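Inspection log for the structure reproduced underneath, given as structure tokens.
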Number of protein chains: 2
Amino acid sequence: MSVEDAVGRLRDLAGLRRRVHGTAAEVAADALRELIMEGGLRPGDRVIEESLLGPLEVSRNTLREAFRLLAHEKLVEHKVNRGVFVRTLTAADVRDLFTVRVLIELTALRRSREADWTAMSQAVAKGKACARAHDWLGVGTANMRFHKAIVASVGSARLDELMDQLTAELRLGFHEMGDPRAFHEKYLTRNAGIVDAVAGGDVEGAVGLLHEYLDDAEAEMLAAFSSDR
Amino acid sequence: MSVEDAVGRLRDLAGLRRRVHGTAAEVAADALRELIMEGGLRPGDRVIEESLLGPLEVSRNTLREAFRLLAHEKLVEHKVNRGVFVRTLTAADVRDLFTVRVLIELTALRRSREADWTAMSQAVAKGKACARAHDWLGVGTANMRFHKAIVASVGSARLDELMDQLTAELRLGFHEMGDPRAFHEKYLTRNAGIVDAVAGGDVEGAVGLLHEYLDDAEAEMLAAFSSDR
DNA sequence: AACCGTAGGATTGTTGAACGATCCTCTAAC
DNA sequence: GTTAGAGGATCGTTCAACAATCCTACGGTT
């Protein structure tokens with residue numbers, strides 16, 4: 001996406017949200033977040049304040065508040081006197097993210113009950129639908145939703161919030177990897193396997209499958225990161 | 001602490017930090033955070049922008065950036081068009097905080113190794129020293145450090161950060177409870193028991209003790225919360 | 001040619017004042 | 001007693017300006 005395209009897209013995103021919610025800073029942060037998720041701003045890109053004042057139609061102070069919000073979500077990095085940069089995941093970040101996921105998701109899956117399984121299987125179904133439509137980024141989104149559903153079975157608002165942040169960070173890494181189909185499609189069937197196992201009463205088997213899933217995904221991301229750095 | 005005292009303390013805190021750290025917003029946030037932790041601002045208190053501009057010697061925009069930082073740490077609540085308030089923990093918050101603690105700390109303790117135990121026992125020693133000096137808030141701080149040390153054995157930066165936030169939130173609740181000695185002192189010996197068990201090779205026994213500890217602490221806090229609300 | 005210090009420009013950090021928007025309170029009418 | 005509305009307090013946002021800092025490119029020295 002060219003810079004001009006990104007700027008235009010930003011104006012559209014800001015316009016859409018302006019009518020819906022909250023403060024100007026939140027609207028600006030929403031638009032920027034979406035642009036980053038779409039790939040319009042890539043990891044490592046510098047985000048210059050002045051270039052966004054026009055498209056977002058906010059003042060500099062408000063834009064800086066929006067930057068603070070995104071910095072807390074770890075989507076951008078704020079370097080004093082140097083500006084804001086779209087976050088670049090390191091191999092250490094990937095390892096840390098999966099360490100946390102393993103710790104939380106395995107325990108959450110053990111605690112899950114029947115009501116939680118339906119949310120999980122709905123996410124799998126959504127992923128299959130996206131795959132049939134060849135919407136591979138949609139498959140990735142559905143995969144994330146599946147894992148969020150696992151964590152949601154704990155019923156903790158703070159844990160849900162943590163998982164939201166972890167998935168947002170992981171998504172940054174997705175953009176740096178190659179073919180989205182090759183990366184996302186194969187995990188779809190594995191998710192289905194986990195649902196089947198847990199719904200069939202084999203909780204520990206499902207936990208084992210989930211652990212293998214996470215280890216494999218971590219290894220695949222790490223391989224991609226070490227190859228180009 | 002009177003309002004005038006709080007304002008004076010704030011000016012001192014800001015002056016101390018101004019020579020050390022980064023941006024003005026961070027300095028202001030540090031000073032406010034410390035004031036909240038010391039009890040100079042109590043849960044439910046409204047924090048009016050204008051009243052802090054003078055003591056902190058920052059502009060309104062900068063102060064608002066500081067508020068954003070504290071809001072993200074959940075130390076203050078930002079209500080649109082109504083201002084910022086020092087956060088008040090609800091019973092639901094307490095339950096959620098302990099749910100997360102149980103999930104993370106039990107797993108972390110299972111993974112701990114000898115190097116981690118020294119950090120844990122150092123925290124216990126620090127707590128005993130504070131108790132001898134009748135510094136009951138220091139005992140509470142040392143208790144928190146003990147639990148942070150448990151989580152640190154996972155070796156995850158994100159988990160450490162989460163634990164920092166959880167302890168900061170819990171501290172808000174401490175201020176609302178009565179006698180700090182009665183609340184903190186008895187947990188000191190239980191921490192020591194956990195260290196002894198894990199160092200003696202009885203990891204699962206230690207995990208059991210930790211679980212009981214957390215359940216009791218949660219019950220005690222919940223009892224205090226339901227009594228006055 | 002390689003190195004170093006130094007302008008100069010570009011960008012961020014911070015301030016102060018201003019004005020509109022929103023909420024709360026107090027009053028007055030019913 | 002309840003409701004409606006006016007007024008004041010406070011917040012949300014913008015704008016313009018200046019200070020502080022960083023990056024780059026230039027020129028001098030070895």
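Just so it is clear: chains get the letters A, B, ... in the order the sequence lines come, proteins before strands, and each one is counted from 1. These numbers come from a predicted model, not from an experiment. When reading the values below, keep in mind they use all heavy atoms of this one structure, side chains included, and skip hydrogens, waters and symmetry mates.
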>> Without decimals, in angstroms, what is the distance between A:I48 CD1 and D:dC23 P?
In response: 13 Å

Nucleotide N/O of nucleotides 17-20 of chain D paired with protein N/O under 3.5 Å:
| residue | atom | partner | partner atom | Å |
| --- | --- | --- | --- | --- |
| D:dA17 | N6 | A:R60 | NH1 | 3.4 |

>> Test of understanding: with salt bridge (Lys or Arg N to Asp or Glu O under 4.0 Å), list the residues that count as partners of B:K148, not counting sequence neighbours.
In response: B:D164

>> Suppose we screen for salt bridge (Lys or Arg N to Asp or Glu O under 4.0 Å). Which residues come up paired with B:R145, at least two apart in sequence or across chains?
In response: none

>> Suppose we screen for side chain to side chain donor-acceptor pair (under 3.5 Å). Which residues come up paired with B:Q165, at least two apart in sequence or across chains?
In response: none

>> The criterion is side chain to side chain contact (heavy atoms under 4.5 Å, CB included); which residues satisfy it with B:N81, sequence neighbours excluded?
In response: none

> In whole Å, what is the span from the CZ atom of B:R82 to the P atom of D:dC11?
Replying inline: 11 Å

> Reckon A:T62 has a side-chain N or O less than 4.0 Å from the OP1 or OP2 of D:dT14?
Replying inline: yes

> Who pairs with B:L172 by side chain to side chain contact (heavy atoms under 4.5 Å, CB included), at least two apart in sequence or on another chain?
Replying inline: B:I36, B:L75, B:V86, B:R87, B:L89

> Separation of B:K79 atom NZ from D:dG12 atom C1', in whole Å?
Replying inline: 18 Å

>> Taking the basic N atoms (NZ, or NE/NH1/NH2) and the acidic carboxylate oxygens, is any pair closer than 4.0 Å for A:R171 and A:E38?
In response: no

> What pairs of residues pass the ring-ring contact (aromatic ring centres under 6.0 Å, His included) test when at least one of them lies in residues 39-92 of chain A, not counting sequence neighbours?
Replying inline: A:H72-B:H72

>> If the condition is salt bridge (Lys or Arg N to Asp or Glu O under 4.0 Å), which residues does B:D216 pass it with, not counting sequence neighbours?
In response: B:R190

> Ring centroid separation for B:Y187 and B:H147, is it under 6.0 angstrom?
Replying inline: no

>> Can you measure B:L53 atom CG to C:dT15 atom P for me and round it to whole angstrom units?
In response: 10 Å

> Considering only heavy atoms, which members of residues 63-71 of chain B lie under 4.0 Å from some atom of DNA chain D?
Replying inline: B:R64

Pairs: protein N or O with nucleotides 6-9 of chain D N or O, under 3.5 Å:
none

> For A:N61 and C:dA17, what is the distance between atoms CG and P respectively, to the nearest whole Å?
Replying inline: 15 Å

> Taking only residues two or more places apart in sequence or in another chain, which ones pass salt bridge (Lys or Arg N to Asp or Glu O under 4.0 Å) with A:E49?
Replying inline: A:R60, A:R64

>> Tell me the interatomic distance from A:H78, atom NE2, to C:dT11, atom C1', rounded to whole angstroms.
In response: 11 Å

>> Under the ring-ring contact (aromatic ring centres under 6.0 Å, His included) definition, can you give me all pairs with a residue in residues 26-66 of chain A, not counting sequence neighbours?
In response: none

>> Output the rounded distance in Å from CD (B:E49) to P (C:dG16).
In response: 14 Å

